[in-house]
Amino acid sequence: MRNSTKRNVYKLLCTITRSAAIILLLLLITDTLQAKEQGSKITNHSAQIGGEENGVLQGKVVDEKGLPLIGVTIQAKENGTNKLKTSVTDIDGAFNLKNLEPGKTYEITFSYMGFDKQVIKDYLVKANAANDLQIRMLPSATSLNEVVVTALGVKKGADKIGYAVQEVKGDELVKARDSNPITGLTGKVAGLSVALNAELLGTPSLLLRGNQITLFVIDGIPVSSDTYNLNPDDIESFTVLKGPAGAALYGSRAQYGAILITTKKAGKDKGFTVEVNSTTSIDKGFIAEPKTQHDYGGGMYGQYAYADGFGGGLQDAQYQLWGPKFRGQLIPQYDGTYTPDQTYTTKFGDLTYTGHIKPEPYLNRGYVDGKSNLDRFITAGFQTTNNVALSASGDKYAMRFSASESNQKGIVPNTGLNIFNFNTTASYQISKRLTFNADLNFNKTYSDNVPDVTYGPNSLIYNLSVWTGGEWNVDSPDIRNVWAPGKVNQVAVFPEHVHYNNPWLMVEDWTRSHDKTDVNGYLSLNYKLDEHLNLTARSQITTYSLVRDEKMPWGAFTYARTLGQGDFREDRRNLFENNTDLLLNYNYHAGNLITLSGLAGGSLRNFNYNSNFTSTDYLVIPNVYNFNNSLNTLMTNNFTSQMRVISAYASLDASIGKYATISATGRIDKSSALPEGNNSYFYPSVSATTVVSDYIRLPEVISSFKLRGSFATVHGDATATNIGATPFNVYTTLGGSTANSLYSNFSQYGNNYLSPYGGPDYSLQPVYSTSKPYNNTTSANSPGSIVDPNIKPFNRKTYEEGFDIRLLKNRIGLSATLFQYIDGPQILANPISPTSGYTTYYINALKTRKTGLELTLTATPIKLHDFSWDVMTNWSTFKDVFLELPPGQTYYNTFFQKGDRTDVLYGSAFVRSPDGQIVYDAGGKPLKNPINQNLGYMNPDFIWSVGNKFRYKNFSFSFQFDGSVGGKISDRLYSLTMQGGANIATVEGALGKSRLDDDVNAGVAAYKGTYVGDGVQVSNGTAIKYDNFGHITNYNQLQFTKNTSTSTVQSWATQYYGQVAEGSLVSKTYAKLREVQIGYDFPKEWLRGMLIKKASISLVGRNLLYFYKDNKYKGIDIEQFNTAVATSTLQTPTTRRYGVNLNVVF
Amino acid sequence: MKIYMQKILLLVMMAAILSSCKKSFQDLYENPNKPTSVQASLLLNGILNNMLEAPGGQLDRTNQYQLQNNSYFGNNQYNFGPGSNLYPVLTDVTNMEKEGAATNTGGITPYSALGKFFRAYFFTKMSLQMGDIPMSQALQGATQLSPVYDPQKTVFLNSLNLLEQANADITTLLKGTSAFTGDIYFNNSLQAWQKVVNTYRLRLLIHLSKKTSDADLKVAQQFTQIIADPVKYPLMRSTADDLKYTWLNPTNRYPLNKETFANGALNNSADTYVSLLTTDKDPRVFITTDPAPGLVSSGLSPTDFAAFQGGDIGLDMGVLASQNGGGKLSYINRYRYYSGYTGETTAIVGYTEMCFNIAEAINRGWINGGPLGDAEAYYNAGIKSSMAFYGIPDKGSMTVYSLPLGVPVAGPYVSNTVNVDYNAYYAQPAVKYAGNNENGIRQINEQKYIAFYLNSGLEPYFNWRRTGYPVFKTGVGTGNNGKIALRYKYPAAEQSANTANYNAAIAQYGNVDDVNGVMWLLK
């Protein structure tokens, strides 16, 4: 019964949408017919209209680019009187002032926040004739905020917006461009933290107020984006809607804010322009690189002798850099002569090793001219980007075509990335009332080989910087030729074959391709019903198809792939999404004081995704990458999902003269990603703003002062923003994770590439997992989760308050925003007692509160005719605490209590004496607390940026510093290199001294090392007692003395840095010289006579300097970990980028 | 032209709007990729896979068969974390029973009978690790999110009951024809499972050796009942009846195999195990262990018991690493475990263990004897069964293999012939059964420990914990303030999600989830 009612309601909605579309169709046909009739009869269109209505002044207001300005106030004051007529421009920038007296003269004033006021004096209103004014307003030079793009692409004056937004011009990102279009936003917006990703095709981490932003809206339309399918050359501006208040109209996908992108359109200048933009840059010189030693080679405990690299020799498999010191002593090595009928002996202390490989002098080979294997393997990266854009405008049309090609050669040999982008956008005024817009963007991002540095034998950093060292040379001909003589394509040459791989094999043979085609676009029709109402129908598609493959050659080894007979995998994904909107804009004036504007509309989102993944289980014939070449049973799986959201929304902006603007929005969604019964939800927002300086006389020093405040709620469904390779798969052979999640990795190694998704995650439907754990027979496992049958959409409430103040004739501007987010009750995957039979219970619970402050300070210290200096500073901070735990719980996730910050890093810690010293055991190793301890906060205390821009005549010079202060992370690279003996610190100081002793005593069975760690030991033999939180409960019974037990460096370092996260805990405080630009605009005089209208050249540099206070941890670029993560991952060294940009407009 | 364009546009829009109305929201909500119910046989298959505790890794260190010499890859410490969470498997059991019932009309089905056994098996397995655990209120999902902890005694009492019922149900089922599928161990034979049920029950009763005076449990009586009535309670008669995991190539390789050979260098044999063998000149050492390479290269024969030297797991790992570096420590026998893909079968519940369990029951006076005879007969049968498992003849010669330093896993292995004589071995005073006294208990449990090598999960550790045999080594290397932990902690989520019951359960250990706490069973 209930179901059928629901179904009926839904059918009704469908019918309404359908009817609306039909009505629109009829309107269009009628209009077209009218237009046709008019076209044939009318010769003087405007005269006709003017003749019908006497005393009417009409026209249009556009901005400097010819785009309509909405909400411009027009006042006509009759000369010599106080009679005032007022109007406001509509969505097309059109205005209509009625009841003017023909024959009289008026003073007409156009005013708009952020624009220079325009006054037309002594305007004579003609009788029985067209009174038409076309006005172009120019932004006031001193203004900080001008017109701002808001949700659904609606432009509003900054004085009418009650929430925080910040805009970045697209051309700022085009010159000093990065390989990723979006990383240029770093430091440009308060509250936005953009972590560059040094990997080719790596997705930058884009955090707004601590949450990943996932919604990109291009010209008012949500677009699926991995950020590589955005072409900076086509971008007019980025607008960052910081809170959900600004984004409430987009629904839950905008819960963490959104990035709105306005694309470039053809200007109103009639004619034809061509713009060429070209950038060439190189990536060279590391700002962060692992610091490794080159005194000791591979092995363990000072021993090493090569037999086969599979463990047949002495520590010749899975070795670390704890091998013998390079002293020229004779040791069997990987390239030694193998003589089956002859034996050689090598002595290490008590041990005599016998093998068939002729020992050779053991010498450093990997460090040549002070450069490690990695230094010499990695080359300069190179990128060229060329864009040509053609614009054409006429009376009734505006079109822009843009083609862009970017080729990037990675710093890792044989890697690269190509992006081809084609964009066409057009608008055509079919009739006076009807405008048609279309946009199509095609993007192809492809590569034959993308490196994967994720920890594992697939990673170059793992191979070159962490686990192997000076015992081999990357440039040596045998390594360079990859294959063992006579075993081409089967056996690779390398000192080890279990976990380490020849780097040339890795980049030339073990390849991962990527080929993604994105197509998105929209068609839109705008029909002007009358001067107040405007109807838009719009349908958009966003779609991608992605094919990735991995070719693993014979001779490559990694986790769970121990046979070394290669593999071939293919990962195909397809996404299709359609959003169709119907919206009505309105604009009314109630008297002279109140203006009402806004929109009402409905939209339908249809989403469709499917993917499949197939892998061989080893290859029969080397180098044949085809599924029918699988040695064992082929593994294959597919995934499909669909989703629909139907929405209705409305907004209202009410301006009360110069006093205030109050805006309200409401949206209702019905989503198929929630169970029936609780799948529709409403979210409102209100905001208010007042420009105090408009109506209160403030001291002269204050140019303007604006206050704003907003409130919004967001609800949402069970969806995921990203998806990995075909989820819900379980291949025991590949050793991947088996969880029923969208991100479960199919294999035990490598990166599970995530692509944009935005569809259902199916988390609220417990399902069985199936696999073939034994002899290819199928088995099933029960779901691990249960779900509250009454589960509801999640909840987020936000409050935001702020002000914008400008001082000293707008020379100084300060914008401040305070925000509070109450998150919850969430759709929480709450860990429950596993004794219930399930580990997770999906319920509506848990509230957290995030509070933060964002400041933007702008200043123009010098402003002369020929010289100017502008400064922009952003600063932001936030913290998130638990406000309400799930019912009945005093702890959440073992450690967290109400009021605790959510980003506490709980990690393994040292046991400490009351005075804070590390407690050692009798073996000279630091003790690890059995319970994880609070090691600090993972989020920084604040982030900051300072940008400076100088202009002298035609030259410009700008630079930006930015960084982050506070926060902790465990440095995994440091931990690994210390445990593995690769770190330079293992050969320095006391450790280095003991390491020499260890080397001399290698193989001495009774040797116990000489390194004495700094700390204490329990001296009275009393056992340390801990409570459930790892606090020591019997300090009063414990006596401590200085640690005197010796240890080998290797076994000490493995415990100190390997077993205890605290051992490699580092600060996240850093600063970077992010970008430097030197530009020159060619003087117009030079270009005169040529076809060129404008030309400029810029020299740019990015990531030039990296400041980190503790040099020993500078091996990683800490910036890349801007999220609340406990441990860093491996990364390709970050390079500096230098480039030149040329921009020519014809 | 204009109209044409508009029409196309509108058609596109209309198509988009209309096409989306076909499926209902509910249709779209459902996950088309995975099942929400499955056949009982598939769940059975999953449950059976979960019975195995694979050798290699931490398990072998806890049992002190192997030790780790490089702390990068692990350690030898008894700083236990949470015990096994087998509740998800028990949920599979519950669901299997439900699905099995749906397809078979009438009360008992093979799935329900086996379900009772699985409940007993998995609950006791967890209780042996952790002590008191939720059982009576467990597995109820959202209807009981905070189950109380049943005393360990209740868990055992209930489980022994379940085993009694499982045996009776199987008897009933065997009278009719009731088929089931999904069995990876016995090819769907209920007869075979019935022997497992009763053999397992003997194991549980032995675990209760400190609770013989308990009036509810009636440990000795139950034992007697089973041994006295082989028709009602069929037991295993040879290792052919074992519940064991057979490794397969390529789908289910033994964890130690020629592709994982390199890991072998990181582990040494522990002298807790090796010295038991070498002291009694036990030929099994030649099969399971390689001689220490440094001892061989310095002149000892690879068949000299003195060449077999396990590491003292109590030593600091750096010290063990030096000893290993000096070639003084043995590795596991690479010929047996690493040279191929399938190693040996891994017993889960086996005949050999049963022999020792019966021997101990006779020794303790629970029963006077069994079909095979007295305690010594069962002690002998156990040792012989273990020798046979390794292919050691009663009398004669056999070829043993070892891998010297510097030789790849492919060989060539060094082969030697050794002469064996069971009677001579058994005649040694240390080996010959000392009678139904504490020494006999020690011998039974030491032999059981040897026979448990790399099988039967944590049973070697549980038996040490119960009897103190064989002597487990401790020291700085085993951590935990020099003590062997006596229990595992509760699952991590208990502390925050089932707080009150968790706190009540750990009250007996001084309000700390203490790995050194002494559970009821051991008191």
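Atom set for the values below is all heavy atoms of this structure, side chains included, hydrogens, waters and symmetry mates excluded. Every value quoted in this text rests on a predicted model; they were computed, and no experiment measured them.
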Going through the distances and angles, do A:T835 and B:I133 end up as a side chain to side chain contact (heavy atoms under 4.5 Å, CB included)? CA-CA 8 Å; A:T835 68; B:I133 53 164; over 6 Å; no
Side chain to side chain contact (heavy atoms under 4.5 Å, CB included) evaluation trace for B:E494 with A:S833: CA-CA 5 Å; B:E494 287 297 286; A:S833 167; 2.4 Å; yes
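Inter-residue side-chain proximity for A:L351 and B:K328 is flagged as unmet; no heavy-atom pair is nearer than 4.5 Å. A:Y768 is listed as a side-chain neighbour of B:N95, based on a closest heavy-atom distance under 4.5 Å. Looking at heavy atoms from C-beta onward, A:P675 lies in side-chain contact with B:Y29 at the 4.5 angstrom threshold. Counting heavy atoms from C-beta on, the side chains of A:Q318 and B:L266 come closer than 4.5 Å. Side-chain contact between B:N79 and A:P930 is absent, with no heavy-atom pair separated by less than 4.5 Å. Residues B:V476 and A:K925 are not in side-chain contact: their nearest non-hydrogen atoms beyond the backbone lie 4.5 Å or more apart. The shortest side-chain heavy-atom distance between A:Y891 and B:T499 does not fall under the 4.5 Å cut-off. Side-chain contact check for A:S779 versus B:L42: every heavy-atom pair is 4.5 Å or farther apart.
Using a distance-only test at 3.5 Å, with no hydrogens or angles considered, a donor-acceptor pair links the side chain of B:E259 to the main chain of A:L563. Within the 3.5 Å criterion, the main-chain N or O of B:G46 finds no donor-acceptor partner in the side chain of A:N781. A:R644 places no side-chain N or O within 3.5 Å of a backbone atom of B:S24 that could act as its donor or acceptor partner.
Heavy-atom distances place no part of B:N249 under 4.5 Å from chain A, backbone and side chain included. If you measure heavy-atom distances from A:T839 to chain B, the contacts under 4.5 Å come from the side chain alone. Neither the backbone nor the side chain of B:Y490 has a heavy atom closer than 4.5 Å to any heavy atom of chain A. For a residue to count as touching a neighbouring chain, one of its non-hydrogen atoms must lie under 4.5 Å from one of that chain's; by this rule B:T181 does not touch chain A. For a residue to count as touching a neighbouring chain, one of its non-hydrogen atoms must lie under 4.5 Å from one of that chain's; by this rule A:V498 touches chain B with the side chain only. A:T640 touches chain B through backbone and side chain together, each having a heavy atom under 4.5 Å away. Of the two parts of B:N49, only the side chain, counted from C-beta on, holds a non-hydrogen atom closer than 4.5 Å to a non-hydrogen atom of chain A. For chain A, no part of B:L90 is nearby; none of its heavy atoms comes within less than 4.5 Å. Looking at A:Q979, only its side chain comes within 4.5 Å of chain B, counting heavy atoms on both sides. Neither the backbone nor the side chain of B:D514 comes within contact range of chain A, judged by heavy atoms closer than 4.5 Å. Only the side chain of B:Y502 comes within contact range of chain A, judged by heavy atoms closer than 4.5 Å. For B:F123, no part lies near chain A; criterion is any non-hydrogen pair under 4.5 Å. Proximity to chain A (any heavy atom under 4.5 Å) is shown, for B:S71, by both the backbone and the side chain. B:D316 touches chain A through its side chain: at least one heavy atom from C-beta onward sits under 4.5 Å away, while N, CA, C and O do not. For A:I786, the part sitting under 4.5 Å from any heavy atom of chain B is the side chain, from C-beta outward, and nothing else. Using a 4.5 Å cut-off between heavy atoms, B:D92 touches chain A through backbone and side chain atoms alike. At a 4.5 Å heavy-atom cutoff, the contact between A:N1028 and chain B is made by backbone and side-chain atoms alike. Residue contact with chain B, scored on non-hydrogen atoms closer than 4.5 Å, involves the backbone and the side chain of A:A780 alike.
Ring centroid separation for the pair A:Y838 and B:Y87 does not come in under the 6.0 Å cut-off.
With chain B as the partner, the residue from A:T1033, A:T1048, A:L314, A:I832 showing the most heavy-atom pairs under 4.5 Å is A:I832.
Using modelled atom types, one finds no donor on one side chain facing an acceptor on the other under 3.5 Å when comparing B:T251 with A:N776. For A:T894 and B:Q495, the side-chain atoms include no donor-acceptor pair closer than 3.5 Å.
For the pair A:K670 and B:F25, the cation-pi criterion (under 6.0 Å, within 45° of the ring axis) is fulfilled.
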